[in-house]
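This report refers to the structure that appears directly beneath it.
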Amino acid sequence: MQPRPLAAVAAAAGATAPLPPSWAHRIRSAASQGHHFHAIALFLQMRASTPAPPRSSVPASLPAALKCCTVLGLRALGASLHALALRSGAFADCFTANALLNLYCKLPPPSSSPSPEMHGAAGQSESTAFHSARKVFDEMPKKDAVSWNTLLLWCAENGRHQEALGLIREMWGDGCKPDSFTLSSVLPIFAERADVRRGMEAHGFATRNGFADDVFVGSGLINMYANCTRTDYSVRVFDNLPGRDAILWNSMLAGCAQNGSAEEALGIFRRMLRSGIRPMPVTFSSLIPVCGNLASLHLGKQLHAYVIFGGLDGNVFITSSLIDMYCKCGDVSTARHIFDRIQSPDIVSWTVMIMGHALHGPAREALVLFDRMELGNVKPNDITFLAVLTACSHAGLVDKGWKYFNSMSDHYGIVPSLEHHATLADILGRAGKLEEAYNFISEMPIKPTASVWSTLLRACKVHKNTVLAEEVAKRIFELEPRSMGSHVILSNAYSSSGRWNEAAHLRKSMRKKGMKKEPACSWIEVKNKRHVFVAHDKSHPWYERIIGALNVFSEQMARQGYVPNTEDVFQDIEEEQKSHVLCGHSEKLAMVFGIISTPPGTTIRVMKNLRVCVDCHSVTKFISKIVGREIVMRDANRFHHFKDGNCSCGDFW
DNA sequence: TTAGGGTTAG
């Protein structure tokens with residue numbers, strides 16, 4: 001049986017017909033349904049209507065009207081409603097005053113400064129905004145938790161952290177207890193400052209006061225702990241929440257992804273799917289970078305397929321993360337294919353593509369893209385310049401490097417950071433301009449770190465200037481006495497100039513200090529499985545087959561003129577033994593395994609944790625020609641694309 | 001009837 005309409009029930013009971021909805025009711029319901037313009041129109045109609053509606057209509061509809069002004073950005077109308085609130089006495093009502101306070105927080109006054117380029121204009125307008133909001137707040141006859149929370153959120157979101165924390169104390173003093181809203185505004189402050197101690201205090205307060213189950217507090221805690229690199233606590237908060245909405249899943253996923261906890265992030269993604277939560281665009285833009293960091297092309301491709309099926313391939317965040325992922329997995333041509341299909345790339349898409357070409361070579365293509373970007377009126381930022389300088393470094397373009405470096409402050413108003421200085425020092429060092437690099441680092445306006453000096457140390461080793469290497473190493477050891485990499489480079493520099501005793505002495509002192517070199521390893525994905533190799537690793541089931549194939553290649557290479565390059569064997573042993581050492585290098589094992597376990601023509605992608613050695617580089621060039629395959633090798637510094645006996649790095653790395 | 005949470009490049 002159909003339920004009878006309420007009016008019919010009322011009529012049957014002998015009641016009068018219900019009154020038509022009041023003005024205030026109509027305005028509020030239009031506003032709550034998102035019909036903001038309609039709500040405003042109704043409010044204005046109400047004000048003009050005759051006979052005048054009851055006096056109570058104004059305070060009953062002002063909050064909704066003010067909310068609509070805030071959403072629609074109608075600041076002038078908001079100001080006249082402010083006057084009406086004062087005239088009508090509605091300002092005494094907390095709901096109206098809070099709605100007005102929110103309007104002033106969300107819609108700062110237009111900047112009084114005539115030129116937006118004027119220094120400090122942004123700060124001035126921010127300060128004016130604060131004062132107009134604060135004035136409304138101070139004049140409120142009555143304040144409730146919403147009033148405090150509204151102003152506090154504004155302070156928290158506008159970098160006025162101390163004021164925000166001060167407001168909590170004031171709020172307590174005023175007899176208003178912080179609530180879940182207060183917590184969700186203040187937690188991002190502790191997150192940004194990575195202040196886990198105060199974050200934990202807030203967590204304790206939330207638990208004691210029954211706010212810990214609130215999803216907003218929950219996501220605040222998850223993000224705070226993740227920003228403090230305590231994803232273990234984030235997971236605990238997440239698992240203890242009684243109900244988890246889609247945003248909480250995404251918060252947890254992003255927290256793991258940003259901390260480099262790849263397996264955990266993938267685990268959260270799988271749990272999310274099993275729980276029936278539909279992935280959202282943000283799910284993919286968080287997760288795709290994980291595949292890039294793992295250099296796992298098969299995983300990245302699976303997510304890409306998911307993105308296409310979900311119709312999300314037009315999302316700029318996802319597209320940029322896909323381009324970056326393909327670059328990091330060694331497939332720059334797919335990255336470029338995606339990039340070329342974007343109608344109007346944003347600064348992030350341009351930057352990841354420029355960096356992709358810088359690291360894969362030919363590096364000049366990166367500079368071509370930079371010019372195209374400028375023609376398209378997209379303004380480069382500090383990260384774009386890092387990419388461009390990296391391209392100059394890999395292409396050995398000293399003059400261009402200087403040009404871009406100087407143009408940052410001259411034409412773009414970007415102050416070069418430590419990283420920009422480090423990259424320019426690298427450009428100079430790689431090009432063999434060692435003295436110039438030394439002077440540049442010594443005179444840079446930011447105190448150079450050990451890592452800036454170590455780029456020069458490496459250059460000294462490559463260009464065989466042991467005297468300067470010793471001087472540079474001294475600087476590094478002052479800053480970082482236990483710098484493993486620098487000890488190794490200096491020791492290798494001694495070895496390559498035949499100073500075996502000094503090399504041995506240095507190695508001995510490293511052993512005495514308990515320093516151990518990171519072992520070299522390489523890996524390759526074959527049939528969606530990762531195979532990891534360390535030097536002379538006999539544990540792989542295909543080891544004998546790999547060595548057999550390597551011997552066959554060696555004979556073919558010898559006929560084509562290959563001579564082992566023992567330059568990078570830093571042990572005082574016979575040449576024949578050195579060749580044996582070279583044969584067992586992990587990247588050779590991984591590459592040969594790839595060749596014999598995949599169909600002819602398949603591109604081989606090898607990843608290595610350290611830089612590729614001179615001999616492996618030369619062998620890979622020969623093998624790429626012998627087997628007619630493209631071999632991509634990612635080392636600690638860049639990507640090498642070997643094809644037909646050549647490498648995209650132009651033998652400069 | 002007012003206020004709040006997740007994403008891409010080094």
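Letters A, B, ... are given to chains in the order of the sequence lines, protein chains preceding strands, and every chain is numbered from 1. What you see is a predicted model; the values in this text were computed from it and never measured.
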Under 5.5 Å between ring centres and under 30° between planes: does that hold for F317(A) against the base of dT8(B)?
no
Quick one about T70(A) and N102(A) (side-chain donor to acceptor, distance below 3.5 Å, no hydrogens or angles considered), yes or no?
no
Listed nucleotide nearest any side-chain atom of V146(A), set dA3(B), dG5(B), dT7(B):
dA3(B)
Describe the nucleic acid contact of V282(A) in one word from base, sugar-phosphate, nothing, applying a heavy-atom distance below 4.0 Å.
base
Tell me which nucleotide among dG4(B), dT7(B), dT8(B) gets nearest to the side chain of S286(A).
dT7(B)
L253(A) CG to dT8(B) P, straight-line distance once rounded to whole Å:
11 Å
Within the structure, does a side-chain N or O atom of N102(A) lie under 4.0 Å from either OP1 or OP2 of dA3(B)?
yes
Any base atoms under 4.0 Å from D214(A), or only sugar-phosphate, or nothing? Heavy atoms, all strands.
base
Could you tell me whether the phosphate oxygens of dA3(B), OP1 or OP2, come under 4.0 Å of any side-chain nitrogen or oxygen in K106(A)?
no
In whole angstrom, what separates L389(A)'s CG from dG10(B)'s P?
15 Å
Which one, dT8(B), dG4(B), dG6(B), comes nearest to the side chain of S320(A)?
dT8(B)
What's M280(A) touching, base or sugar-phosphate or nothing? Going by heavy atoms closer than 4.0 Å.
base
When every non-hydrogen atom of P448(A) is compared with those of W453(A), the smallest separation belongs to CG-NE1, 3.7 Å
Using a 4.0 Å heavy-atom cut-off, does S180(A) contact any base of the nucleic acid, only the sugar-phosphate backbone, or nothing at all?
base
To the nearest Å, how far apart are W154(A) CH2 and dA3(B) C1'?
15 Å
Rounded to the Å, how far apart are L152(A) CG and dG4(B) P?
12 Å
Check whether the side chains of H337(A) and T334(A) place a donor and an acceptor atom closer than 3.5 Å, and report yes or no.
no
Salt-bridge present (R430(A), D426(A); N to O < 4.0 Å)
yes
Look at the side chain of S184(A) and decide which nucleotide, out of dT2(B), dG4(B), dA3(B), has an atom nearest to it.
dG4(B)
Checking all strands, does S219(A) fall into the base, sugar-phosphate, or nothing category for heavy-atom contacts under 4.0 angstrom?
base
As a test of reading the structure: which of dG6(B), dG10(B), dA9(B) is closest to the side chain of M355(A), going by heavy atoms?
dG10(B)
Closest to the side chain of F181(A), out of dA3(B), dT2(B), dT8(B), is dA3(B)
Reckon L153(A) touches a base, only the sugar-phosphate, or nothing at all at heavy-atom distances under 4.0 Å?
sugar-phosphate
Between I347(A) (CD1) and dG10(B) (P), how many Å, whole number?
13 Å
N or O in side chain of Q258(A) less than 4.0 angstrom from dG6(B) OP1/OP2
no
Quickly work out the H420(A) NE2 to dG10(B) P distance and round it to whole Å.
13 Å
By the 4.0 Å heavy-atom rule, please label N315(A) as base, sugar-phosphate, or nothing.
nothing
Side-chain donor/acceptor of D245(A) to base of dG5(B), under 3.5 Å
yes
Report yes or no: is the cationic atom of R169(A) (NZ for Lys, CZ for Arg) closer than 6.0 Å to the six-membered ring centre of W172(A), at no more than 45° off its axis?
no
Taking ring-ring contact (aromatic ring centres under 6.0 Å, His included) as the criterion, tell me which of Y412(A), F385(A), F440(A) meets it with F405(A).
F440(A)
Atom CD of E157(A) and atom P of dG6(B): how far apart are they, to the nearest Å?
9 Å
Any side-chain heavy-atom pair of E192(A) and H161(A) under 4.5 Å:
yes
Rounded off to whole Å, could you give me the CG-to-C1' distance for the L248(A) and dG6(B) pair?
9 Å
If you look at every strand shown and take non-hydrogen atoms under 4.0 Å, does V316(A) touch a base, only sugar-phosphate, or nothing?
base
Heavy atoms under 4.0 Å, any strand shown: does K328(A) hit a base, just sugar-phosphate, or nothing?
sugar-phosphate
